[in-house]
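Note that ligands are numbered from 1 as they come in the structure, with each ligand's atoms numbered from 1 the same way.
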Amino acid sequence: MTTVGILGGGQLARMLALSGAPLGLRFLVLDSAADACAGQFAPMVVGDYTDQAALDEFASKIDVATFDFENVPAESAHWLAERRPVFPSPRALAVAQDRLAEKTLFRELDIPVPDFAAIDTRAALDQAIATIGTPCILKTRRLGYDGKGQFRIKTPADADAAWAALGPQADKVGLILEGFVRFERELSVVAVRGRDGEFRAWPITENWHVDGVLSASLAPARTDEALAATAISYARKLAEALDYVGVFALELFCRDGVLLANELAPRVHNSGHWTIEGSETSQFQNHLRAVLGLPLGDTRMLGVTCMLNWIGAMPDAGPVLSEAGGHWHDYGKSSREGRKVGHATLRADSAGELAQALQRVGERLGRQEQVAPVIERLA
Ligand code: ATP
Ligand code: MG
Ligand code: MG
């Protein structure tokens, strides 16, 4: 019996555990919150990622470790990797934890990126705003997620407010200034690389964010094949450079038909949730196969899918469940503003049928705004 240890017990760990059950896997989750939602399906060790007693217990009970959360302290990942196989490797994790290291690697690999500069002082911020121009975004290098730790600078006069908001964190998490990209669309590549180096990508996904949080995903993205092939080639280059094992997502902006890399998520990704029902093999299943050295599953799509994120509170399940291709995912979390509490996937055989299903669901849930950009894209 193989036990997979997961650092972090959120919905990603929960969906990994659900997906691993048919493979006969056992799971053990490490999280500091005793009520972490993966704990409803897997035993837990409750403790901080730096809590030595918790790490000792976790390591002693697992065969292999992986992550639901990329911000596990590097020392803890290294400590674990000396005792058990850990995938992705602590090195890949370290790069993806730091927006500066990540963007520097993108550049080294000839993957285009928005302009960026490391910011250590208030003076450096003014200098970088002058070089990069406005609008731009000041971000924490580490620990940001769901658009947290970001300040949008519209004019140079906003520098004071940006520094007041994020400057105090400069020493601890580092800061980076990025040019604001007026993109036509946001895309992501969700891909997997096995222990033996085999690489597979799912068809690329288009994503819509509201207030920095993913709201909807459409797969396959309605883009030309050359663009999709370029996006996947970037993902492959990155995976090979990092000797990456497991699933990851590369987030991209598309501006004037050119791709710019935003960030690398070293784990299963929200924009890949549609693969549970929309692909021959889900991202969760393939992540586990990769981590365990099993053959990777086919990443082909089964029709056209849209994923809708539920943020803050779960809506009524009825409208989605009454659709032929409707699927419901309630993460079993309590409601809280801005929190990802669940998602729905709508799957159809054609773009037209998917648009109609989205229209019905949007109307019945009073969420026309959420579905509108997807319906427009499907037209
Ligand atoms: P995630 O939850 O995806 O990990 P995050 O907190 O790491 O989010 P980003 O992905 O950097 O943050 O930013 C969140 C969203 O904000 C992006 O998907 C995009 O919509 C917008 N955004 C971020 N950086 C830029 C940029 N340089 N130009 C334009 N929009 C941006
Ligand atoms: Mg991120
Ligand atoms: Mg992101």
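- For atom 3 (O) of ligand 1, the nearest non-hydrogen atom of the protein is Glu251 OE2, 2.9 Å.
- Here the heavy atom of the protein found nearest to atom 2 (O) of ligand 1 is Asp146 N, 2.8 Å.
- Under a hydrophobic clustering in which Ile, Leu, Val, Met, Phe, Trp and Tyr are joined whenever their side-chain heavy atoms come within less than 4.5 Å, directly or via other members, Ile6 and Tyr145 fall into different clusters.
- Ligand 1 lies nowhere less than 4.0 angstrom from a heavy atom belonging to Ala265.
- Nearest to atom 14 (C) of ligand 1 among the protein's heavy atoms is Gly212 O, 3.8 Å.
- Note on ring orientation: taking the six-membered ring where Trp is involved, the planes of Phe199 and Phe248 are tilted (angle from 30° to 60°).
- Listed by number with element, the atoms of ligand 1 under 4.0 angstrom from any heavy atom of Glu178 are 24 (N), 27 (N).
- Residue contacts with ligand 1: Glu70 is placed with no nitrogen or oxygen under 3.5 Å of a nitrogen or oxygen of the ligand (distance criterion only).
- At a 4.0 Å heavy-atom cut-off, ligand 1 touches Ile137 through the side chain alone.
- Classified by interplanar angle (parallel below 30°, tilted 30° to 60°, perpendicular above 60°), the ring pair Tyr49/Phe69 is parallel.
- Between Phe106 and Leu238 there is a side-chain heavy-atom pair separated by less than 4.5 Å.
- Between Gly179 and ligand 1, a contact under 3.5 Å exists for at least one N or O pair.
- Counting heavy-atom neighbours within 6.0 Å of Glu184 CD, excluding the residue itself, gives a total above 12.
- Counting protein heavy atoms only, atom 11 (O) of ligand 1 is closest to Lys139 NZ, 2.7 Å.
- The protein heavy-atom contact nearest to atom 13 (O) of ligand 1 is Gln150 NE2, 3.3 Å.
- Of the protein's non-hydrogen atoms, the one nearest atom 6 (O) of ligand 1 is Gly147 N, 2.7 Å.
- Minimum-distance N/O/S atom of Glu251 relative to the Mg ion (ligand 3): OE1.
- Counting heavy atoms of neighbouring residues, nucleotides and ligands inside a 6.0 Å radius, atom CZ of Arg360 exceeds 12 of them.
- Taking the side chain as every heavy atom from C-beta outward, Trp274 and Pro203 approach each other to under 4.5 Å.
- At under 3.5 Å, a nitrogen or oxygen of Arg99, whether backbone or side chain, sits near a nitrogen or oxygen of ligand 1.
- Between Val181 and ligand 1, at least one pair of N/O atoms sits closer than 3.5 Å.
- Atom CZ of Arg336 has 12 or fewer neighbouring heavy atoms from other residues, nucleotides or ligands inside a 6.0 Å radius.
- The side chain of Asn262, and not its backbone, has at least one atom closer than 4.0 Å to an atom of ligand 1 (non-hydrogen atoms only; side chain from C-beta on).
- Salt-bridge check for Asp158 with Arg152: failed, with every basic side-chain N at 4.0 Å or more from each acidic carboxylate O.
- Between His329 and His343, the angle of the ring planes stays under 30°, which puts this pair in the parallel group of the 30/60° scheme.
- Residue Glu186 places at least one N or O, backbone or side chain, under 3.5 Å from an N or O of ligand 1.
- The number of heavy-atom neighbours closer than 6.0 Å to CZ of Arg300, taken from other residues, nucleotides and ligands shown, is 12 or below.
- A heavy-atom separation below 4.0 Å is found between Arg152 and ligand 1.
- In terms of N/O distances under 3.5 Å, ligand 1 is not approached by Phe183.
- For a distance bound of 2.8 Å, the N, O or S atoms of Glu263 include one lying that close to the Mg ion (ligand 2).
- The 12-atom threshold is not exceeded at CD of Gln127, counting heavy atoms of other residues, nucleotides or ligands nearer than 6.0 Å.
- Counting protein heavy atoms only, atom 31 (C) of ligand 1 is closest to Phe253 CZ, 3.5 Å.
- Summarising the local packing, CG of Asp211 is surrounded by 12 or fewer heavy atoms from other residues, nucleotides or ligands at distances under 6.0 Å.
- For Arg182, the heavy-atom gap to ligand 1 stays at 4.0 angstrom or more.
- In terms of protein heavy-atom proximity, atom 4 (O) of ligand 1 is closest to Glu263 OE2, 2.9 Å.
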